[in-house]
Structures are given as C-alpha cells and as structure tokens.
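The analysis underlying the following values was restricted to heavy atoms, covering all of them including side chains, and did not include hydrogens, waters or symmetry mates. Letters A, B, ... are given to chains in the order of the sequence lines, protein chains preceding strands, and every chain is numbered from 1.
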2 protein chains.
Amino acid sequence: MSRKRFDTHNCSIAGTLELVGDWWTLLVVREAFFGSRTFTQFLQNLGISRNILTDRLEKLVEADILEKHYPKAQSQRAQYILTHKGKALLPVLVSMMQWGDQWVNEAGGAPVKLSDLQTGEHLRTMQVETENLKKLDLDQLAITPGPGASTSTLKRFE
Amino acid sequence: MSRKRFDTHNCSIAGTLELVGDWWTLLVVREAFFGSRTFTQFLQNLGISRNILTDRLEKLVEADILEKHYPKAQSQRAQYILTHKGKALLPVLVSMMQWGDQWVNEAGGAPVKLSDLQTGEHLRTMQVETENLKKLDLDQLAITPGPGASTSTLKRFE
DNA sequence: ATGTTTGGTTGCATAACGCAACCACATATG
DNA sequence: CATATGTGGTTGCGTTATGCAACCAAACAT
C-alpha cells in the first residue's frame with residue numbers, strides 16, 4: 001500500500017506536512033536557510049543518501065519551495081535557491097529550533113544561535129498571541145471553523 | 001538499513017524532528033490539541049491505521065509529549081493527555097497552520113480559525129523578530145554557534 | 001446473558017529508505 | 001594533450017516503515 005496522503009484532511013497543518021513532512025525534507029530546507037546551494041553542499045552538511053537527496057530536491061522544486069538555477073548557461077551544475085514560499089517557512093523552522101533548544105538540548109545549550117545581523121539583538125521566543133501581544137496558551141484558544149472548512153470540520157468545531 | 005537518526009546532528013531542528021518528524025506524528029499531536037484523548041478519537045479523526053497509531057502514541061508517551069492516564073483505576077481504557085512539553089509545541093503547529101493557510105490552502109481559505117477564547121480577537125501572524133518586535137527576514141539573520149555547538153558547527157559558522 | 005465498544009496485536013503486501021557502485025560531464029593539474 | 005578529481009546524479013539490492021484487514025480479550029451497555 002502506498003503512503004497515505006494528508007492533503008485531503010481539510011487542515012493546513014496536514015497540507016503543510018504533505019509538502020515538507022517527509023523524512024529529511026525539513027532538514028534540506030534548514031540547510032538552504034543555512035546557506036547550502038549545491039547538491040554536494042547539501043550532501044556533505046546533511047549526511048543524506050544521494051538518491052534521497054535527489055528525490056527531496058526534486059519534490060521541493062516541484063512544491064515551489066526551492067528553485068533550480070543554472071549559474072553558467074553551458075553547465076548543468078545547478079544551484080537550489082529558496083523561493084519566497086520557501087523563505088516563508090522561517091517561522092516554522094525557528095519555532096522548531098526554539099522547542100528543541102528548550103526541550104531536547106536543554107543540557108548542552110543551543111547548538112546554533114540566531115540574532116539580528118545589524119544590532120546583534122537576540123531573538124524573541126516565538127509564541128502564539130493576539131495582535132495586542134497577549135500571549136495565549138492552549139486553553140485560551142478558541143478553535144472554530146474557518147472560511148475553507150469542510151462539512152466534517154464544521155460539524156466538529158461548531 | 002534502518003532509518004538514519006537525526007539526534008547526532010548538533011541541531012535543535014534535527015533533534016525536534018527526531019521526536020516528531022515521523023510520518024503521522026505531528027498530526028497526532030494536532031489531534032491532541034484539538035481535543036482528542038482516547039485511542040478511538042484519534043483513530044476516527046485522523047483516518048490512521050491502528051498499528052501506526054499504537055506506535056505513534058507509544059513513542060509520544062516515551063518522548064514525554066503525551067501522558068497515558070487511566071481515569072478509572074480498574075479499567076485499562078486509557079486517555080492520552082498533552083504534557084507541558086507537548087503543549088509547548090503549540091507555536092510549531094500554529095506556524096505550520098499559518099504557512100499552510102497562506103501557501104497551500106490559499107484558494108479555499110483557512111479550514112480552521114484560531115482566536116482568543118475570551119475576547120474573540122484573532123491571532124497575530126507568527127514571525128521571527130527581535131525582542132523589540134523588529135521583524136527579521138532571512139537575510140537579516142546572523143547565524144552563529146551557540147553554547148552547545150560542536151566543533152563541526154563551530155567550524156561552519158564562525 | 002448477549003451484543004457492542006474499546007484498545008489493541010498479528011500477518012501480509014507494498015512503498016520508502018540507506019548504502020554502495022556506477023556513470024557522464026566539467027574542471028583542474030601536469 | 002592526458003590524466004585526475006569534482007559534480008550531479010542513476011541504478012540495484014537489502015532492510016525498514018506503512019496500510020489494510022482480520023483477529024482478540026477486556027469493559028461496558030441492554
């Protein structure tokens with residue numbers, strides 16, 4: 001049996017995972033954020049198998065998260081560059097990094113630190129909040145159907 | 001060959017993915033956020049296979065993201081409840097949901113809407129920013145080794 | 001007492017992954 | 001020019017993960 005698809009779930013989390021939820025995929029995106037561009041750079045920085053990397057790069061290009069560029073016209077040496085859609089994954093990766101810093105790597109401290117390139121200020125911890133900056137925990141959240149809700153989603157959350 | 005482990009990467013994103021990066025795992029956590037507690041609730045709301053759900057619930061309990069409770073002492077009918085560590089995944093799921101709303105479900109609109117239970121205010125879009133609320137894009141970010149950096153991480157980012 | 005729900009386990013078929021070997025093309029070196 | 005090295009893959013093979021259906025014991029409902 002083939003792997004089950006997530007894009008039928010009427011849920012944006014499932015839709016996101018359908019694109020980047022594969023094993024290795026988000027780490028390839030992380031590498032792109034860290035500056036990798038060529039096949040060999042991804043290969044060495046990740047320790048991934050070549051065929052898997054080929055597959056993931058292809059799928060990320062197809063998903064419009066990476067773009068395949070050929071810097072020299074006559075050469076087939078490609079570079080993989082983040083698209084606008086790909087760069088928009090930054091909050092996902094940073095919130096994962098902050099969760100990992102706090103709950104996985106608590107002992108040794110954060111392996112990587114992010115800060116403002118200009119001022120050196122460190123990052124604010126990402127949190128769920130209203131536009132008035134009121135922080136919301138899970139039990140303060142109302143979960144209701146949105147404009148794109150299916151009938152089953154409606155039935156569940158109304 | 002067995003699946004390659006991510007927890008050797010000296011990266012908190014990889015460490016996070018080692019715990020929740022499996023196929024289905026983050027959707028199980030989403031269901032816990034949406035209120036599912038029993039095996040059958042997860043089963044019906046996700047459309048997941050029973051053996052896979054058994055495996056994921058076990059691993060999430062082992063990772064201290066879910067806790068297995070037995071409401072009635074003499075019964076073995078369990079409930080799976082989010083721990084503090086599990087609830088801390090909220091920013092990860094919300095940033096994924098917002099990315100999916102914007103880039104995957106753009107046409108139909110968001111399937112699910114989150115808001116402040118008390119005031120009804122809707123959520124702020126999650127973004128990477130300094131403590132002064134200055135929004136940072138990828139090219140404004142300095143990526144440097146943290147206190148837990150390995151020698152290879154040091155070499156890469158110094 | 002009987003049937004139904006719950007929370008699983010087991011077996012089997014298919015898909016995904018990891019590793020090594022191979023290959024064509026491009027570039028560097030002598 | 002000849003040879004070596006680097007790049008960006010593809011292919012084959014063995015192992016692991018996933019999906020589905022069937023089965024099952026304990027708990028609960030009638």
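- T40(B) comes within 4.0 angstrom of the backbone, heavy atoms only, and of no base.
- Enclosure of atom NE2 in H84(B) is not indicated, since only 12 or fewer non-hydrogen atoms of other residues, nucleotides or ligands lie within 6.0 angstrom.
- Going from atom CZ of R56(B) over to atom C1' of dT18(D) covers 8 Å, rounded to whole Å.
- Distances shown here put every side-chain N or O of R3(B) at or beyond 4.0 Å from the OP1 or OP2 atom of dT15(D).
- Going from atom CG of L53(A) over to atom P of dG9(D) covers 8 Å, rounded to whole Å.
- In this structure, R3(A) pairs ionically with E18(A), as a charged nitrogen and a carboxylate oxygen lie closer than 4.0 Å.
- Distances shown here put every side-chain N or O of K68(B) at or beyond 4.0 Å from the OP1 or OP2 atom of dG7(C).
- Within 6.0 Å of NE2 on H69(A) lie more than 12 heavy atoms contributed by other residues, nucleotides or ligands.
- Checked by atom type and distance alone, the side chain of S95(A) pairs as donor or acceptor with a backbone atom of P91(A) at under 3.5 Å.
- Around the NZ atom of K87(A), the shell of radius 6.0 Å holds no more than 12 heavy atoms that belong to other residues, nucleotides or ligands.
- The separation between F39(A) atom CZ and dA24(C) atom C1' is 14 Å, rounded to whole Å.
- In this structure, Q41(A) places its CD atom 13 Å from C1' of dG8(D), rounding to the nearest Å.
- In this structure, CZ of R37(A) is placed 13 Å from P of dG8(D), rounded to the nearest angstrom.
- For dC20(D), one of the phosphate oxygens OP1 or OP2 lies less than 4.0 angstrom from a side-chain nitrogen or oxygen of K4(A).
- When heavy atoms are screened at a 4.0 angstrom cut-off, Y80(B) is found touching the sugar-phosphate backbone but no base atom.
- Residue N51(A) is the one, among N51(A) and F6(A), whose nearest nucleotide of DNA chain D lies closer to the 5' end (criterion: closest heavy atom).
- Dashed line: the shortest gap from a side-chain N or O of W24(A) to OP1 or OP2 of dG18(C) is under 4.0 Å.
- Across all strands shown, S2(A) has heavy atoms under 4.0 Å from sugar-phosphate atoms exclusively, and none from any base.
- Distance, I48(B) CD1 to dA17(D) C1': 12 Å, rounded to whole Å.
- Along DNA chain C, the nucleotide nearest D55(A) and the nucleotide nearest R77(B) are compared for position; the residue whose nucleotide lies closer to the 5' end is R77(B).
- Relative to the side chain of E58(A), the nucleotides dC20(D), dG18(C), dT10(D) differ in distance, and dT10(D) lies closest.
- Taking atom CD of residue Q79(A) and atom C1' of nucleotide dG6(D), one finds them 15 Å apart after rounding to whole Å.
- Atom CD1 in I52(A) sits about 5 Å away from atom C1' in dC17(C), given to the nearest Å.
- Nucleotides of DNA chain D nearest to R50(A) and R5(A) differ in position, and the one nearer the 5' end is that of R50(A).
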